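First up is the structure itself, then whatever we jot down about it.
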2 protein chains.
Amino acid sequence: MVSKNLMAASTKPIILTILAREEMYGYQIIHNVTQISGGTLEWSEGMLYPVLHRMEKEKLIQSQWRMVENGRRRKYYGLTENGRKELEQEKHQWMKVHKVLSKLWALTPS
Amino acid sequence: MVSKNLMAASTKPIILTILAREEMYGYQIIHNVTQISGGTLEWSEGMLYPVLHRMEKEKLIQSQWRMVENGRRRKYYGLTENGRKELEQEKHQWMKVHKVLSKLWALTPS
DNA sequence: GTATAATACCTATAAAATCTAGGTATAAGA
DNA sequence: TCTTATACCTAGATTTTATAGGTATTATAC
């Protein structure tokens, strides 16, 4: 299990990265994340849907309803141009912070 | 500048790491972080002090007032045993999430 | 054929965290 | 003497998040 803050910090970059590769619907994203992370990250629906809605309002992603053969409806999300730019920034920021932490952790403890 | 979420996620591990090496007072921590991060992270007092108080309440750190030669008082913080354990967990969690992101970012974009 | 699990979406509201914008006091330097 | 730097603090408005639900359809197990 991952702490609340770390969860909050990683959610957006993960969603952006996943959707940059392939359009997906919410439920699928959840299972995808569980699988990719090997269980490190277990997202709930109640946590993901509001995030997707917010990101859509911020125009980072856009949705589209699609009907699947079996009659079930799914809301597919894809990245907007803004979303792509945001992803680059998020990556960059994450790496910057990671470098600070790596540096700190590399120092021999006194 | 680093996003709010990333800031929130990195604050605790950074404080724990810094205090694991050396006891410090709040004001000093702020300047230390600015310096170590090369300006990537710019903490404000209004953001740090409440965090320090919360962490002390959680018994991760403990404080001690000291008088310095020049007559100024400083509140020095050091890690507790719990704090040391927490640091190990924080490191571990960060690395886990970092691995997930690295993995995602290493894949060639479709 | 019926009950349960899985799929797939949604949100109101309570609870928690954060940020702003202040405040105090002393010492050093201009 | 005035300003800047040092060094701490917090009330309260705002924002976020988590909980715990809700709906509806399809697939599977009994």
Side-chain angles (χ1 to χ4, degrees), chain A residues 1-15 18-19 22-35 41-58 60-78 90 97, chain B residues 1-15 18-19 22-35 41-58 60-78 90 97:
Chain A
M1 250 290 291
V2 161
S3 77
K4 201 177 81 60
N5 281 336
L6 205 45
M7 185 73 102
S10 56
T11 303
K12 200 164 152 185
I14 290 176
I15 293 173
I18 287 181
L19 296 181
E22 182 187 346
E23 296 199 343
M24 270 191 205
Y25 54 98
Y27 201 77
Q28 185 184 13
I29 294 175
I30 291 173
H31 290 279
N32 209 253
V33 165
T34 303
Q35 189 233 311
L41 300 170
E42 298 259 22
W43 291 1
S44 69
E45 299 173 43
M47 148 297 186
L48 179 62
Y49 290 115
V51 172
L52 288 175
H53 298 161
R54 182 152 40 83
M55 287 175 68
E56 186 165 26
K57 211 189 292 176
E58 290 169 5
L60 300 175
I61 57 179
Q62 61 198 352
S63 66
Q64 195 186 8
W65 280 104
R66 291 203 201 132
M67 275 305 184
V68 197
E69 334 71 63
N70 63 13
R72 198 170 265 148
R73 69 204 184 115
R74 291 172 179 166
K75 199 177 189 176
Y76 280 84
Y77 288 92
E90 291 276 341
V97 174
Chain B
M1 250 290 292
V2 162
S3 78
K4 205 175 80 59
N5 280 338
L6 205 45
M7 185 71 102
S10 56
T11 303
K12 200 164 151 186
I14 289 176
I15 293 174
I18 288 180
L19 296 182
E22 182 186 345
E23 296 199 341
M24 270 192 205
Y25 54 98
Y27 200 77
Q28 185 184 12
I29 293 176
I30 291 172
H31 291 279
N32 208 253
V33 165
T34 303
Q35 188 234 311
L41 300 170
E42 298 261 19
W43 290 1
S44 69
E45 300 175 43
M47 144 307 181
L48 179 62
Y49 289 117
V51 173
L52 288 175
H53 297 161
R54 181 151 40 83
M55 287 175 71
E56 186 166 27
K57 213 190 290 177
E58 291 170 3
L60 300 175
I61 58 179
Q62 62 199 351
S63 66
Q64 192 186 11
W65 282 104
R66 292 204 200 131
M67 275 306 187
V68 198
E69 335 70 63
N70 63 12
R72 199 170 266 149
R73 72 206 179 111
R74 290 171 179 166
K75 200 178 189 175
Y76 279 86
Y77 287 92
E90 291 277 339
V97 173

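Proteins get letters first, then strands, A, B, ... in listed order; numbering begins at 1 in each. Small disclaimer: the values here were computed from a predicted structure and weren't measured.
A sub-4.0 Å separation between OP1 or OP2 of dA7(D) and a side-chain N or O of Tyr25(B) is present. For Tyr49(A) and dC10(C), the shortest distance from a side-chain N or O to OP1 or OP2 is not below 4.0 Å.
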Enumerate the protein-to-nucleotides 23-26 of chain C contacts in which both atoms are nitrogen or oxygen and the separation is below 3.5 Å.
{"unit_1": "dT26(C)", "atom_1": "O2", "unit_2": "Arg72(B)", "atom_2": "NH2", "d": "2.9"}

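Checking Met7(B) against Arg73(A), the closest nucleotide of DNA chain C that is more toward the 5' end is the one next to Arg73(A). Nearest-nucleotide mapping onto DNA chain D: of His31(B) and Leu52(B), the residue sitting toward the 5' end is His31(B).
Applying the side-chain contact (heavy atoms from CB on, under 4.5 Å) rule to Glu42(A) yields the partners Thr34(A); only residues at least two apart in sequence or on another chain are considered. Scored by the ring-ring contact (aromatic ring centres under 6.0 Å, His included) test, His53(A) finds no partners at all (sequence neighbours excluded). Judged as a side-chain contact (heavy atoms from CB on, under 4.5 Å), and not counting sequence neighbours, the contacts of Thr11(A) are Met7(A), Ile15(A), Trp43(A), Met47(A), Val51(A). A search for side-chain hydrogen bond (donor to acceptor under 3.5 Å, both in side chains) contacts involving Lys75(A) returns nothing, not counting sequence neighbours. Contacts of Arg66(A) classified as salt bridge (charged side-chain N to carboxylate O under 4.0 Å, His left out), with partners at least two apart in sequence or in another chain: Glu23(A). Among residues two or more places apart in sequence or in another chain, the side-chain hydrogen bond (donor to acceptor under 3.5 Å, both in side chains) test is passed with Tyr76(B) by Arg74(B). By the ring-ring contact (aromatic ring centres under 6.0 Å, His included) test, Tyr49(A) is found to be paired with no residue, residues two or more places apart in sequence or in another chain being considered. Legend: residues meeting side-chain hydrogen bond (donor to acceptor under 3.5 Å, both in side chains) with Glu56(B), ordered by chain and number and at least two apart, are Ser63(B). Annotation: side-chain hydrogen bond (donor to acceptor under 3.5 Å, both in side chains) contacts of Ser3(B) (sequence neighbours excluded): none.
The closest side-chain heavy-atom distance from Val2(A) to Leu41(A) is below 4.5 Å. Looking only at side-chain heavy atoms (C-beta outward), Glu58(B) and Lys12(B) come within less than 4.5 Å of each other.
Rounded to a whole Å, the CE atom of Met47(B) is 15 Å from the P atom of dC9(D). Computed from coordinates, the Trp65(B) CH2 to dC9(D) C1' distance equals 9 Å when rounded to whole Å. Computed from coordinates, the Tyr27(A) OH to dT23(D) C1' distance equals 15 Å when rounded to whole Å. Per the geometry, NE2 belonging to His53(B) stands 11 Å off P belonging to dA11(D), to the nearest Å. Rounded to an integer number of Å, the gap from CD1 of Ile29(A) to C1' of dC9(C) is 13 Å. With rounding to whole Å, Tyr76(B) atom OH is found 13 Å from dC8(D) atom C1'. We find that CE of Met67(A) is positioned 12 Å from P of dC9(C), with the value rounded to whole Å. Taking atom CE of residue Met24(B) and atom C1' of nucleotide dT6(D), one finds them 16 Å apart after rounding to whole Å.
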Discussion item. One character per nucleotide, please: for nucleotides 12-17 of chain C, 5' to 3', B when the base has a protein heavy atom closer than 4.0 Å, S when only the sugar-phosphate does, - otherwise.
Written reply: ------

Worksheet item: Given the rule in the side-chain contact (heavy atoms from CB on, under 4.5 Å) test, do Val33(B) and Leu48(B) qualify, once you have shown the distances and angles that lead to the verdict?
Response: CA-CA 11 Å; Val33(B) 165; Leu48(B) 179 62; over 6 Å; no

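The rotation axes computed at either terminus of the helix from dG1(C)-dC30(D) to dA30(C)-dT1(D) lie 20° apart, taking five pairs at each end and rounding to 10 degrees.
Across dC9(D), dC9(C), dA7(D), the shortest atom-to-atom separation from the side chain of Arg74(A) is found for dC9(C).
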